[in-house]
Protein chains: 2
Amino acid sequence: MLEKPIRDRKAERHAATRAEILDAAWEVVRSEGLAALSLRDLAGKVGMQAPSLYSYFDSKHAIYDAMFAQGARAYLEQVRATPLTGDPLTDLRAAVRCFVRFCSEDPARYQLMFQRTIPGFEPSPETFAIAIEGLELLERRLAELGVTDARSIDLFTALGTGIAAQQISNDPGGDRWTRLVDDAVDMFFEHVTKHLPLTRRDPT
Amino acid sequence: MLEKPIRDRKAERHAATRAEILDAAWEVVRSEGLAALSLRDLAGKVGMQAPSLYSYFDSKHAIYDAMFAQGARAYLEQVRATPLTGDPLTDLRAAVRCFVRFCSEDPARYQLMFQRTIPGFEPSPETFAIAIEGLELLERRLAELGVTDARSIDLFTALGTGIAAQQISNDPGGDRWTRLVDDAVDMFFEHVTKHLPLTRRDPT
DNA sequence: GTCTATATTTGGATAGAC
DNA sequence: GTCTATCCAAATATAGAC
C-alpha cells in the first residue's frame, strides 16, 4: 500500500504564496508608508493582477491583519530569544532593550501595531491575542522585581513606548534614544524600590 | 478729509471664512480620523462645493499645514497661560502636565503634529518654526533645574511623550496615564540630581 | 488560480461661466 | 468668490471566462 499523501502540496503552495505576498507587502509599507499600500502595487510586486490577491486574502484589511499577526509573532520570538541571566534587573533591562529595538527597527510595523492609523482597521481577536502575550511577559518580569501595582506598570510602559516613539520620530535609524534604555530602567527601578507602593503626591 | 479705510473688510471676510473652514476640518478629523479628511466632505460642512475651497487654500496639504500651525500656536498659548510659581520643580511638573494634556485632549491633533502619518505631508518651515518654540521653552525650564546635558533632555522628552502616547492609545478620554505625570517628573528629577551628568552604564 | 473586464466609489484638482 | 461640469487618477472589490 502506498503512503498516504500526508503532504498537501497544494496547501503548501498556497501558504507559500501567501507568505510571498506578505513579504512584498512589508517591502511596500517600509518604503512608501503604511497607508500607501495598494492592492495594485502589491500585486505588481509579486507578478499578479490585483484581483488574484483575493484568492489569498479576503480583503485589504485581512492583509493588514496577517501583517499584524506576523509582527506580534516576531516580537514573541525576539523576546524568547533573549537569554535570561537570572538577575531580575539585568533581565528587565534586556526586555526593554528588546522592545525598543523591535519598535525602532521597523517604523512601519510599529505604526501598524501600536499607532492604529489605518481608518477602519483593527486586528482580529485571534491576532490581538498574540500581541497580548508580549505585554503579559513584561508584566511577569516586573513582578519578579516586586513591581505589581498598576501605576508602576503603567509608568514603565510609558517609559518604554516613549523611548521607542522618540527614536522613530526624531532619529530614525540612529540610537539617540535607544541608548538611553539602561539609564531609563535604572531610573525607574530606583524610584520604584524607594516608593513602593508608588503613591500620589498632590500639589497641595 | 475722510478716514482712510484702515479696515480691509474683504480681507477680514476672507480670513473669517478660512477660519471657518479650518474649524470644520478639525471637526471632521476628530470624528472620522485625520486621514479621512476629504475636500468634498469638508466643503459640504461649510456649505460650499469642493472647488470653492481653492479660493482659500492652495491644496489639501495647505489645509493640513494651517491646522498644524493652529495646533502649534494653541500649544504655545497653553504654555504661556500656565502660571509660574518660581519653584523650578513645581513649574516643570506643570509644564509636563500641560504638554500631556495638550496631546491627549485631541488625538487627531497629536497625530497631525507628532506622528506624521499623512503620506507626503510635512509642515512648511514657517509652520514648523512655531512648533519648535515649544520645545525650546521646555529646555529652558529644564536648564533652570540645572539639567542641560542632551541625554537627560532626551530622556525627559521620552517620558513626556510616552505618557501622552499611552494615554491616547490605551485610555482615550481617561486619565490613567496623565495622572502619573507628577510621579514621573519626580522620578526623573531624583535620578538626574543624583547622577549629574547622566552617565552611560554599559553592560560589561 | 489567474486572468480580463468592469463596477463602483472616491479622491484631488482645473476650466470657465456667472 | 462661487458655482457647474469635468478631468484624471486611483482605490477596493466582483463577475465570469479560461
Side-chain angles (χ1 to χ4, degrees), chain A residues 7-25 27-29 31-68 108 112 117-124, chain B residues 7-25 27-29 31-68 108 112 117-124:
Chain A
R7 276 184 60 192
D8 185 341
R9 307 191 77 91
K10 196 170 165 188
E12 277 175 20
R13 178 128 203 96
H14 189 85
T17 306
R18 257 182 76 103
E20 196 189 334
I21 291 168
L22 291 178
D23 285 349
E27 255 186 68
V28 173
V29 300
S31 77
E32 303 179 33
L34 187 64
L37 181 67
S38 86
L39 298 188
R40 284 207 209 310
D41 256 26
L42 179 55
K45 299 257 179 195
V46 295
M48 283 181 180
Q49 294 298 317
S52 305
L53 295 175
Y54 285 86
S55 297
Y56 300 95
F57 297 95
D58 289 339
S59 68
K60 189 185 179 182
H61 278 6
I63 296 178
Y64 280 131
D65 192 65
M67 293 171 79
F68 192 114
L112 174 65
T117 56
I118 307 292
F121 167 70
E122 61 179 29
S124 62
Chain B
R7 277 182 60 193
D8 185 340
R9 305 191 77 92
K10 196 170 167 187
E12 277 174 19
R13 177 129 201 98
H14 189 83
T17 306
R18 257 181 78 104
E20 195 189 337
I21 291 168
L22 290 177
D23 285 348
E27 257 187 65
V28 172
V29 299
S31 77
E32 303 178 34
L34 187 65
L37 181 67
S38 86
L39 297 187
R40 283 200 202 327
D41 256 26
L42 179 54
K45 299 259 179 191
V46 295
M48 284 180 180
Q49 295 298 317
S52 304
L53 295 176
Y54 285 86
S55 296
Y56 300 95
F57 297 95
D58 289 339
S59 68
K60 189 184 178 182
H61 278 7
I63 296 178
Y64 280 131
D65 192 65
M67 294 170 78
F68 192 114
L112 174 65
T117 56
I118 306 293
F121 168 71
E122 59 178 31
S124 62

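All values derive from a computational prediction rather than experimental measurement. Below, chain A is the first sequence line, B the second, and so on; all start at residue 1.
Heavy atoms of other residues, nucleotides or ligands lying less than 6.0 angstrom from CD of Glu32(A) number more than 12.
Counting to the nearest Å, the P atom of dT2(D) and the CZ atom of Arg13(B) are 8 Å from each other. In this entry the distance linking CZ of Arg9(A) with P of dG1(C) reads 15 Å, nearest Å. Computed from coordinates, the Phe57(A) CZ to dT14(D) C1' distance equals 19 Å when rounded to whole Å. In this structure, CD of Gln49(A) is placed 6 Å from P of dC3(C), rounded to the nearest angstrom. Residue Arg18(A) contributes atom CZ, which lies 18 Å from atom C1' of dT2(C) at whole-angstrom precision. To the nearest angstrom, C1' of dA13(D) lies 11 Å from CG of Leu53(A).
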Letter per nucleotide, 5' to 3', of nucleotides 11-18 of chain C [B base touched, S only sugar-phosphate touched, - untouched; heavy atoms, 4.0 Å]: BBBB----
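A salt bridge is defined here as a Lys NZ or Arg NE, NH1 or NH2 lying under 4.0 Å from an Asp or Glu carboxylate O, and Arg7(B) with Glu12(B) meets this definition.
Annotation: the span from Ile118(A) atom CD1 to Lys60(A) atom NZ amounts to 7.0 Å, rounded to 0.5 Å. Between atom CG of residue Asp8(A) and atom CZ of residue Arg13(A) there is a gap of 13.0 Å, rounded to the nearest 0.5 Å.
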Chi angles and distances behind the side-chain contact (heavy atoms from CB on, under 4.5 Å) call for Phe57(B), Asp65(B): CA-CA 10 Å; Phe57(B) 297 95; Asp65(B) 192 65; over 6 Å; no
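Counting any heavy atom pair closer than 4.0 Å across all strands shown, Gly120(B) reaches no nucleic acid atom.
In this pair, Phe121(B) and His61(B) present their aromatic rings perpendicular. The plane angle is above 60°, beyond the 30 to 60° band.
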